[in-house]
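The sequence lines fix the lettering, A, B, ..., with proteins before strands; numbering per chain opens at 1.
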Protein chains: 2
Amino acid sequence: MALPELKLDPKPDTRERIVEAAARLFHEQGYNATGISTILREAGVNAGSLYHFFPSKEALLVGVLERYVHGLHPIVIGPVEAKTQDPIERVFALLDQYRNWLAPIGFSMGCPIGNLALEIADSAPQVRALIDLNFQNWSKAVRAWIDAAGDRLPATTNRHELADFVLTVMEGGIMQSRAARTPEAFDACVSQLRRYFELLQEAARRERSSVSGPP
Amino acid sequence: MALPELKLDPKPDTRERIVEAAARLFHEQGYNATGISTILREAGVNAGSLYHFFPSKEALLVGVLERYVHGLHPIVIGPVEAKTQDPIERVFALLDQYRNWLAPIGFSMGCPIGNLALEIADSAPQVRALIDLNFQNWSKAVRAWIDAAGDRLPATTNRHELADFVLTVMEGGIMQSRAARTPEAFDACVSQLRRYFELLQEAARRERSSVSGPP
DNA sequence: TTCTGGGTTGAACGCTCAATCAACTCTTGG
DNA sequence: CCAAGAGTTGATTGAGCGTTCAACCCAGAA
């Protein structure tokens with residue numbers, strides 16, 4: 001048999017254009033506020049094509065959320081780990097990267113997943129599960145860095161809680177900044193979180209020096 | 001002239017019923033997801049009555065947000081200050097009160113103002129301004145407690161930032177708990193925030209003992 | 001060449017939405 | 001008793017929504 005060509009961008013890929021336009025519009029305007037007709041216009045596609053790939057608007061939302069799940073490591077975590085080696089600094093590199101991503105558009109759009117989490121909370125279980133999965137994956141990545149920090153944090157630290165806390169502060173900070181339309185609230189949160197990590201590291205240092213200390 | 005009766009609940013007060021129903025429904029289902037017809041049914045009112053008091057759905061939203069502004073002290077801050085005297089404990093009493101308010105409904109509804117903040121972000125400036133005002137008033141109340149804590153916190157503490165941070169952690173925690181449909185995320189946040197405050201107080205103690213310390 | 005079926009077209013459908021309005025009721029002051 | 005106006009009634013409107021569908025296109029297999 002002839003070698004079948006590997007599918008290398010075999011088409012303008014209608015499905016991809018739809019998901020991309022939907023993701024952008026859901027982020028910009030929210031899920032309910034975005035009409036199918038707008039998605040069609042932005043993607044340059046007709047109604048029938050959209051409904052060929054997605055049986056409903058909600059199924060399209062599932063496609064968007066799956067896209068975020070798959071994009072987390074290549075787009076978010078990867079660049080942070082490439083740029084920063086120190087595990088604790090990676091946490092703040094993540095926050096900084098997020099800030100740089102949101103700043104150009106004036107902090108007016110918020111976190112795409114966080115927004116959906118609040119807007120769609122009572123929707124189909126599949127949607128909720130995907131939102132949850134997104135958060136869990138973010139949390140897992142941060143958790144890995146915190147674990148890698150080893151005894152630079154106190155032994156009693158609840159590392160799972162701390163990882164979730166980082167995420168929560170990030171989401172909360174974005175939300176406040178969005179409401180105020182200025183980055184100040186976000187920056188203030190990051191600054192307080194840094195203070196917290198500094199105090200934790202100081203506590204860990206005292207812990208270590210008292211264990212291996214005066215015999 | 002005859003003494004005019006002070007207006008003591010002079011009516012079933014249509015306007016109040018409308019605002020109350022709208023507030024409840026916006027909280028339960030979100031602003032966009034709540035139809036005028038639902039508000040009418042729940043308030044036991046006809047369309048014309050609603051539009052007699054509010055020229056549009058958005059004006060009704062303004063009414064709801066004003067209600068939250070006016071309710072903050074009597075309903076939220078007052079009870080906390082009545083129950084708890086210690087200023088730092090008041091912060092956690094506030095978080096606890098919020099938890100108790102959200103718990104019965106399964107953490108599925110989130111913060112009424114936070115939800116609106118994310119859903120309506122690009123709406124009329126009056127709406128955004130009122131959301132901002134709500135957050136600022138919460139922040140001011142927390143700020144007052146933090147100031148009252150005096151030198152129990154390090155002198156270098158940025159108290160304004162810290163007050164905002166408390167709010168952010170609260171909003172972020174509610175949001176995560178809503179996404180997960182369990183109180184765990186919220187509880188974890190509160191626990192981490194408490195740790196932060198403990199570390200701050202320890203640092204302040206060391207600060208004081210080194211100033212007034214060994215001569 | 002003919003057949004097959006994934007992909008596309010775009011008008012049309014039923015429905016819900018926020019908003020309107022002419023007619024009505026009730027309260028109050030003179 | 002009347003006049004006036006605040007408050008109420010509820011059917012109606014037009015716009016926009018998500019969705020459907022019969023017809024069509026066209027690449028590749030038979």
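- Heavy-atom neighbours of Q126(A) CD from other residues, nucleotides or ligands within 6.0 Å: at or below the threshold of 12.
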Practice item. Starting from the C-alpha separation in whole Å, work towards a yes-or-no answer on side chain to side chain donor-acceptor pair (under 3.5 Å) for S191(B) and E161(A). Key: CA-CA 8 Å; S191(B) 152; E161(A) 254 188 34; 2.8 Å; yes

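- Using a 4.0 Å cut-off between charged nitrogen and carboxylate oxygen, R17(B) and D13(B) do not count as a salt-bridge pair.
- Following rounding to the nearest Å, E58(B) (CD) and dA19(C) (C1') show an atom-to-atom distance of 14 Å.
- The side-chain hydrogen bond (donor to acceptor under 3.5 Å, both in side chains) check on N115(A) picks up nothing, with sequence neighbours excluded.
- Residues satisfying the side-chain contact (heavy atoms from CB on, under 4.5 Å) test with L72(A), not counting sequence neighbours, are V76(A), I77(A), N137(A), W138(A).
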Check your understanding: If the sugar-phosphate is the primed atoms plus P, OP1 and OP2 and the base is the rest, what is the B/S/- string for nucleotides 13-18 of chain D, using protein heavy atoms under 4.0 Å?
Key -> ----SS

Revision key, fill the gap. Given protein heavy atoms under 4.0 Å, the one-letter contact record of nucleotides 9-14 of chain C, with B base, S sugar-phosphate only and - none, is simply BB----

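- Every residue meeting the side-chain hydrogen bond (donor to acceptor under 3.5 Å, both in side chains) condition with R67(B), not counting sequence neighbours, appears here in chain and number order: E16(B).
- Put simply, H52(A) has a side-chain N or O that comes within less than 4.0 Å of OP1 or OP2 on dG7(C).
- Rounded to an integer number of Å, the gap from CG of L40(A) to C1' of dT8(C) is 12 Å.
- Following rounding to the nearest Å, R15(B) (CZ) and dA6(D) (P) show an atom-to-atom distance of 16 Å.
- Whole-Å rounding puts the R17(B) CZ to dG7(D) P distance at 14 Å.
- Using a 4.0 Å cut-off between a side-chain N of Lys or Arg and a carboxylate O of Asp or Glu, R90(B) and D86(B) do not qualify as a salt bridge.
- Applying the salt bridge (Lys or Arg N to Asp or Glu O under 4.0 Å) rule to pairs touching residues 99-119 of chain A yields R99(A)-D187(A), sequence neighbours excluded.
- Between dT8(C) and T14(A), a contact under 4.0 Å exists linking OP1 or OP2 to a side-chain N or O.
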